[in-house]
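Report on one structure; see the data block that follows.
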2 protein chains.
Amino acid sequence: METAPVVDLETLRRNCANCSLRQLCLPAGIVASDVERLDRVVKRRKPVARGEHLFRVGSGAARIYVAREGSFKTVACSADGEQQVIGFHLPGELIGLDALGHGQHRCDAIALENARVCEVPLEELHHVAAQVPGLQRQLLRVIGRSMGRDQDHLEMMSRRQANDRVMLFLHSLSQRFETLGQDGSAFALPMTREDIGSYLGLVIETVSRSFTKLQDDGVIAVRGRQVRLLQQRQIADAVHGHALH
Amino acid sequence: METAPVVDLETLRRNCANCSLRQLCLPAGIVASDVERLDRVVKRRKPVARGEHLFRVGSGAARIYVAREGSFKTVACSADGEQQVIGFHLPGELIGLDALGHGQHRCDAIALENARVCEVPLEELHHVAAQVPGLQRQLLRVIGRSMGRDQDHLEMMSRRQANDRVMLFLHSLSQRFETLGQDGSAFALPMTREDIGSYLGLVIETVSRSFTKLQDDGVIAVRGRQVRLLQQRQIADAVHGHALH
DNA sequence: CGGCTAGTTGACAAGCGTCAAGAATTGTGG
DNA sequence: CCACAATTCTTGACGCTTGTCAACTAGCCG
């Protein structure tokens, strides 16, 4: 058996240049020869099993991660052990930016399903970015998009009605799935109701009741983690602040 | 009268190298000669009057700003005109990062008092950062700190009790004033109760009641916008999640 | 002095958290 | 492949916090 070709294929498939997410990720808008330079500093990591930590609060942050397959949650922990989900990370989205400010992670990152990540050492990224003009710009762009998702999250939290929060949440997920080229009107939630509740500042019972209410109103169809958005119009209206009664 | 020396003094005072905020801002950790290169691309702007907009939703973002004197709020607007304060910006803190993702501002920035800002054109900043190794790192650091404040905000919003939100808010402000070398235990709020309410997801009446309650409990002393933190210990406990009854 | 905005306080009710029980789904070992 | 356990999720009843509405007070500036 010839193993060499298999290794080559594997390597090729794992290159930034051949990655299906490259348009969303750091290589976007960078010429091929420069992508290769970026590629050399990116480490492809072993799969992360469901429930496994990618990093923990307090650990130093010499690198940032990109979800490659599967999704993650980031969880901030109070001193008393109370936890709060502060972000979900779908493929192509950055993980670990929370440590940029003071060099230590402020949250745990946990895989919601069996997943893979790319690992980018910050020091080497800086080195390449100094030489590749587009990379620095693209880095700020993906960081900016990450901040945009955080702002979306904040806008969910600012809604007083649980139903509105849940609708905004579903809308946001829908958009992100569509960005990934997937169906934004029907998808499987990668997280539990508990995670959703923590993320939205609601208890699990309220999340459950909201799903039921939205289904009764014909806005969505839910069965377990499978969700279908039936009245995207009504959801979009809620997103833009028009009251829904 | 010799006007020339006056101009020189003015210019000197306004340089990054002589700025009292330089340790918190982009020049931190950069050697003098490189600070000068940064300095050349930074534009010192006219004062921004209280209530005046620094930028508006939808406007393109070729630059980022640093509050220099006075503070700002950023306000996200739903389509129906409902507004939500998503951030406060004290001197030394960045404003305008919300446009990094898609090139358009997602919020209005409004001066809370008569203020001044420094204006940094992004394109030229990239140019300098590519040549000054420390600047790129420092840029990510200040962006990271900005994200850290956003995370603090999220943690306020995730508290269920209005009192906890207000205490976390006061604690956060206190820390930020101390970072500026000011007294963190007694300060003047630059924003209205309405702004605080919007920022914390509470109505103005609830904010008012929380202030009164905290004062009755001897945790703080409030008189209008003047606040004094009396039991920092109790506030710190609330921050770390220990219940306060 | 008078008008305006900002802030405070009270009464009431609605929405959500809490507690409790049960149903549905997933995982595991025989 | 089934049975059983462990999660995960749903539903109901009840009470409390907070939003809503309203009236009033305190500052501020012309």
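So you know, we letter chains A, B, ... as the sequences are listed, proteins then strands, and number each from 1. Predicted, not measured: the structure shown is a model, and the values here were computed from it.
- For the pair A:L189 CG and D:dT8 P, the computed distance is 15 Å after rounding to whole Å.
- Annotation for A:R50 and A:N114: closest pair N-OD1, 2.8 Å, computed over non-hydrogen atoms.
- Side-chain atoms of A:H153 come within 3.5 Å of backbone N or O of A:Y199 as a donor-acceptor pair.
- Counting non-hydrogen atoms under 4.0 angstrom, B:R225 reaches the backbone sugars and phosphates but no base.
- Nearest heavy atom pair, residue A:R106 against residue B:G148, reads NH1-O, 3.0 Å.
- Minimum interatomic distance between A:V207 and A:R193 (heavy atoms only, all atoms of both residues): CG1-CD, 4.0 Å.
- Between the CD atom of A:Q161 and the C1' atom of D:dT18 there is a distance of 12 Å, given to the nearest Å.
- Within 4.0 Å of B:G197, counting heavy atoms only, lies no atom of the nucleic acid at all.
- Shown are A:V142, A:L97, A:V117; of these, the side-chain contact (heavy atoms from CB on, under 4.5 Å) with A:I64 is made only by A:L97.
- Annotation: side chain of A:T74 is not in contact with side chain of A:L54 (no heavy-atom distance under 4.5 Å).
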Find every protein N or O atom lying less than 3.5 Å from an N or O atom of nucleotides 24-30 of chain D, and list the pairs.
{"from": "D:dG27", "atom 1": "OP1", "to": "B:R223", "atom 2": "NH2", "distance (Å)": "2.9"}

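- Atom CD1 in A:I196 sits about 9 Å away from atom P in D:dT10, given to the nearest Å.
- Mapping A:E194 and A:R160 onto DNA chain D via the closest heavy atom, the residue that lands nearer the 5' end is A:E194.
- Residue-environment remark: CD (A:E194) stays at or below the threshold of 12 foreign heavy atoms within 6.0 Å.
- Checked against the 6.0 Å centroid threshold, A:Y65 and A:F72 do not count as a close aromatic pair.
- Along DNA chain C, read 5' to 3', the first and last nucleotides having any atom under 4.0 Å from a heavy atom of chain B are C:dG7 to C:dG17.
- Relative ring orientation between A:F177 and A:F187 is described as tilted, the plane-to-plane angle lying within the 30° to 60° band.
- Counting non-hydrogen atoms of neighbouring residues, nucleotides and ligands closer than 6.0 angstrom, the CZ atom of B:R228 reaches no more than 12 such neighbours.
- Comment: A:K213 engages A:D217 in a salt bridge, judged by a side-chain N to carboxylate O separation of less than 4.0 angstrom.
- Residues of residues 202-211 of chain A that place a heavy atom closer than 4.0 Å to DNA chain D, in numerical order, are A:E205, A:S208, A:R209.
- The separation between B:M157 atom CE and D:dT18 atom P is 14 Å, rounded to whole Å.
- Mapping A:G224 and A:N163 onto DNA chain C via the closest heavy atom, the residue that lands nearer the 5' end is A:N163.
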